[in-house]
Participant: 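Structure incoming, see below.
Throughout, numbering of the chain's residues begins at 1 and tracks the sequence.
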Amino acid sequence: MRIAIYPGSFDPITTGHLDIIKRASCLFDKLIVAVVKNYSKKPLFTTEERMELIRRSTQGLKNIEVDCFDGLLVDFVSNRKAQVIIKGLRAISDFEYEFQMALLNSKLKSEIETLFLMTSHKYSYLSSSMVKEIAGLGGCIQDLVPEEVREDIVKKIKERWGKK
Ligand code: PNS
């Protein structure tokens, strides 16, 4: 069984993430979307909230599982018996950092491959941080996050640091 892991902070999921999830899920028997629990940027959404938003956004897709991890990504990949890490590339500026991580992950466990998917050009400008900034300042995030979870995302962002 070919299993791939799509890791990230997903704080929150965007339509760009969803595009990568849909496309990667067609290439593998199973795609595990893996939310990192502790990472340096302090997340706005809790791990459980981030997982729930992904679950609801991917409801129609058959071979998707949502999980979370801390510690080394390569250890999680082996524990879940996966062979491949999926990464989305939006722009050249993503490349250097992603290239470094792919090489280091391969140094840690050479049997694990990193597969890069180019984000569709219509999502190349998107990021979770921009979504938070726009919604926090009262802007419209239609089309930037999956429709099913838009209201909840806006509500949480406004509660935390948006215009009242
Ligand atoms: O969505 P992000 O914030 O770009 O995701 C980054 C993530 C979670 C993929 C990266 O920080 C990661 O792999 N963290 C796990 C810790 C780890 O394995 N670090 C060594 C990478 S070489």
Side-chain angles (χ1 to χ4, degrees), residues 1-39 41 43-95 97-99 101-102 105-106 112-132 134-135 141-157:
M1 184 155 171
R2 302 298 295 170
I3 304 175
I5 304 277
Y6 178 35
S9 32
F10 304 105
D11 187 42
I13 182 170
T14 67
T15 36
H17 293 131
L18 188 59
D19 170 57
I20 297 287
I21 293 173
K22 285 181 179 163
R23 285 162 52 212
S25 73
C26 298
L27 303 173
F28 293 89
D29 299 312
K30 190 199 282 187
L31 179 73
I32 301 171
V33 184
V35 175
V36 66
K37 281 193 201 167
N38 300 313
Y39 69 112
K41 310 168 235 174
L44 173 65
F45 294 84
T46 65
T47 307
E48 197 38 62
E49 285 170 338
R50 288 180 277 149
M51 291 172 71
E52 185 53 28
L53 294 172
I54 299 170
R55 275 193 211 105
R56 280 164 51 202
S57 308
T58 57
Q59 242 167 22
L61 303 169
K62 293 272 174 292
N63 58 340
I64 309 285
E65 207 181 291
V66 183
D67 201 351
C68 59
F69 74 104
D70 49 18
L72 280 179
L73 173 61
V74 287
D75 289 340
F76 176 76
V77 173
S78 316
N79 291 341
R80 294 301 322 258
K81 307 207 171 349
Q83 304 86 13
V84 174
I85 296 168
I86 299 287
K87 288 297 188 82
L89 281 182
R90 286 168 302 189
I92 303 285
S93 51
D94 283 344
F95 182 76
Y97 175 64
E98 291 297 345
F99 186 51
M101 279 207 288
N105 283 330
S106 151
I112 296 172
E113 282 291 353
T114 299
L115 181 67
F116 291 104
L117 294 185
M118 297 300 298
T119 303
S120 304
H121 67 93
K122 54 182 175 178
Y123 304 120
S124 60
Y125 55 85
L126 243 180
S127 70
S128 300
S129 342
M130 282 302 167
V131 163
K132 284 181 280 193
I134 293 168
I141 56 167
Q142 183 160 22
D143 299 333
L144 306 187
V145 297
E147 195 50 41
E148 301 85 336
V149 294
R150 178 160 50 101
E151 260 182 42
D152 286 353
I153 290 177
V154 170
K155 189 163 167 264
K156 170 95 181 192
I157 294 173

Participant: Give the minimum heavy-atom separation between Gly88 and Thr119, together with the two atoms involved.
Facilitator: C-OG1, 4.2 Å
Participant: Assess whether a salt bridge exists between Asp19 and Arg23, defined as any Lys/Arg side-chain N lying under 4.0 Å from an Asp/Glu carboxylate O.
Facilitator: yes
Participant: Okay, side chain of Thr14, backbone of Gly16: is any donor-acceptor separation there less than 3.5 Å?
Facilitator: yes
Participant: Can you tell if the side chain of Glu113 reaches within under 4.5 Å of the side chain of Gln83, non-hydrogen atoms only?
Facilitator: no
Participant: Output yes when a side-chain donor or acceptor of Asp94 lies under 3.5 Å from a complementary backbone atom of Leu89, and no otherwise.
Facilitator: no
Participant: Kindly give the heavy-atom pair with the smallest separation between Phe45 and Pro12, and that separation in Å.
Facilitator: CE1-CB, 3.8 Å
Participant: Should the ring pair Phe10 and Tyr6 be called parallel, tilted or perpendicular, given that the plane angle runs from 0 to 90° and is split at 30 and 60?
Facilitator: perpendicular
Participant: Tell me whether Lys132 is salt-bridged to Asp11, with the criterion being a basic N under 4.0 Å from an acidic carboxylate O.
Facilitator: yes
Participant: Using 0.5 Å steps for rounding, measure from the CD atom of Glu65 to the CD1 atom of Ile5.
Facilitator: 8.5 Å
Participant: Could I get the full list of side chain to side chain contact (heavy atoms under 4.5 Å, CB included) partners for Ile134, not counting sequence neighbours?
Facilitator: Ile141, Leu144
Participant: Listed by chain and number, what are the salt bridge (Lys or Arg N to Asp or Glu O under 4.0 Å) partners of Asp67, not counting sequence neighbours?
Facilitator: Arg80
Participant: Has Arg90 got a side-chain atom pairing as donor or acceptor with Leu126's backbone, closer than 3.5 angstrom?
Facilitator: yes
Participant: I'd like to check the salt bridge (Lys or Arg N to Asp or Glu O under 4.0 Å) partners of Glu98; sequence neighbours left out, ordered by chain and number.
Facilitator: Lys87
Participant: Can we say Arg55 and Glu148 salt-bridge, meaning some charged N sits less than 4.0 Å from an Asp/Glu carboxylate O?
Facilitator: no
